[in-house]
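Keep in mind that this is a model prediction, so the values were computed, not measured. We're numbering straight along the sequence, starting at 1.
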Amino acid sequence: MTPQQILVLDPTGADPDAEHQALRDRGPATLVDILGVRAWSVSDPDLLKQLLSSKDVSKDARAHWPDFAETVPTWPLALWVSVSNMFTAYGKEHSRLRRMVAPTLSARRTAALQTDVETLVNAILDDLDAFPAGETVDLREHLAYPLPIAVIGRLMGVPAERRPEFRTVVDNVFATHLTVEEQVANTATLYGLLDALIQIKRTEPGEDLTSSLIAARDEEGDGAALSNAELRDTLLLMLAAGYETTVNVIDAAVTALLTDPQQLAHVRSGRCTWQDVVEETLRHQPAIKHLPLRYALAGIALPDGQTIQAGDAILASYAAANRHPRWHRNADRFDATRPSKEHLAFGHGVHFCLGAPLARLEVAVVLRLLFERFPDIQLAAGPHELKRLPSLISNGHTTVPVRLRPTSAH
C-alpha cells in the first residue's frame with residue numbers, strides 16, 4: 001500500500017460518520033494516519049474482537065512498539081501510550097494492576113450506588129428547574145458534566161472544591177486538535193493536580209479508592225504492589241475514564257431521544273426500557289470512536305490477504321465497528337427496540353472496561369429522572385447544527401441546547 005492510499009484521520013472529528021463509512025469501505029482493516037503515526041484501523045467487528053482478545057496483541061508500547069522512543073517526544077497523543085497503568089499493561093502486569101481497582105467497581109458495589117446517583121441527579125435537576133420556561137439550557141454543561149464528575153469524585157475522594165480543576169485538563173487529554181506543546185503543558189498540569197490529590201489523601205485518608213491505592217503503595221516498601229508512577233497513572237485513568245466517557249453517553253442518549261420522539265414514545269409505552277436506550281446509544285454513538293493503541297507481537301494475516309506485521313500499531317475503531325452492516329441491520333439507524341444491541345463500546349477481552357456497570361447505571365438514572373421531571377423537553381437546535389467535539393477519540397458535542405419546558409407551559 002502506497003502512502004497516498006493511507007487514510008488520514010481528521011483530528012477535529014468534524015464528520016465521524018463519513019469517516020467511519022470510509023474505513024468500512026476499505027475492508028476489515030486499513031492503514032491510517034493518526035496525527036502522524038501509521039496504524040491499522042480495524043473496523044470489522046469479528047476481526048476486532050479477535051485482536052482484542054489475542055495474546056499476540058499488546059497494549060505495552062514500551063515493550064512491543066519499535067517506534068515508541070522515536071514517536072513519543074513529538075506525538076500529541078503520547079500520554080495515551082506512555083502511562084504506566086492497566087490501560088497500557090500486558091499479561092501478568094495487567095492482571096496485577098486491574099486487581100487493585102476491580103473491587104471498587106464491582107457490579108455489587110455499583111448497584112449499591114443507585115440511591116446516591118439518584119440523589120445527585122435530583123439535585124442537579126432541581127438546579128435546572130430554576131431556569132425560566134422557554135429559556136435555552138446547555139444540557140451537556142448543566143447535566144452531562146456535573147453528574148459523572150460528582151460520582152467519580154466521590155469514589156476517588158477528590159474534594160468537591162477541587163473537582164472543577166480536573167475538568168479542563170481531562171477534556172484536553174481527549175482533544176486531538178491541540179499541538180504537542182499544548183498537550184505537554186496540559187499533562188504537566190494534570191500530573192500536578194494528581195500529585196496534590198495524593199498528598200491530600202496521604203495526610204487525610206478516607207474511605208475512597210485514592211486512599212486505598214496509596215495504602216497499597218506505601219505498605220509495600222519495595223514498591224512491589226504499586227510504583228509511584230503506577231499510582232499516579234492509575235488515578236489518571238480512573239478520573240479520565242470515569243468522567244469524560246459518561247458525559248458523552250448522556251449527551252448522545254439525550255440527543256437521540258430528542259431527535260426522534262418515536263424512541264421516547266417506545267420507552268413511555270413500555271416497548272423498551274431505559275436500559276435498552278443506554279445499550280442502543282452505546283452501539284450507535286459509543287463514547288470513544290478510536291482508541292489508541294495496540295501492537296502486534298507477531299504477523300497477523302487479514303481476511304483480505306494483507307498482513308499486520310509484528311510491531312505494527314493497531315487502532316481499535318469502535319464506532320465504525322459498531323455500525324458494521326454485517327453485524328446489525330439498518331446499523332446507522334438509532335432503534336432502542338432492536339432485538340440485538342451488541343457493541344464494543346466498552347472494549348472486549350481482558351481490557352474490557354471495569355467502569356461499564358457504573359456508566360450504565362448513571363446514564364439510565366439520568367434519562368429516567370430527566371424525562372420524568374421535564375416531559376416536554378425539546379432540542380433547541382437541529383441535530384445537524386450541533387457541533388462535534390474537536391477529537392478523533394471522544395464522541396460527543398460541544399453543547400446540547402434544549403428547552404426544558406415550552407414557554408406556553410407557564
Do the side-chain N and O atoms of [X] and [Y] include a donor-acceptor pair separated by under 3.5 angstrom?
| X | Y | result |
| --- | --- | --- |
| R108 | S106 | no |
| D60 | S58 | no |
| N122 | T119 | no |
| T337 | D276 | no |
| R283 | H343 | no |

Taking NZ, NE, NH1 and NH2 as the nitrogens, is one of them in [X] or [Y] under 4.0 Å from a carboxylate oxygen of the other?
| X | Y | answer |
| --- | --- | --- |
| D251 | R140 | yes |
| D17 | R323 | yes |
| D208 | R154 | no |
| E19 | K289 | no |

Checklist entry - Do the side chains of V402 and Q378 get nearer than 4.5 Å, heavy atoms only? => result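 Answer no - side chains too far apart.
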Item to check | Y145 six-ring face occupied by R167 cation (under 6.0 Å, within 45°) | outcome: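 So R167 does make the cation-pi contact.
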Next on the checklist: Which residue is it: Y90, F68, W40, W65? I am looking for the one with a ring pair (Phe, Tyr, Trp, His ring centres under 6.0 Å) to Y295.
Outcome noted: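 Looking at Y90, F68, W40, W65, the match for Y295 under the ring pair (Phe, Tyr, Trp, His ring centres under 6.0 Å) is W65.
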Item to check | Whether F371 and W274 hold their rings parallel, tilted or perpendicular, with breakpoints at 30° and 60° | outcome: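 F371 vs W274 ring planes: parallel.
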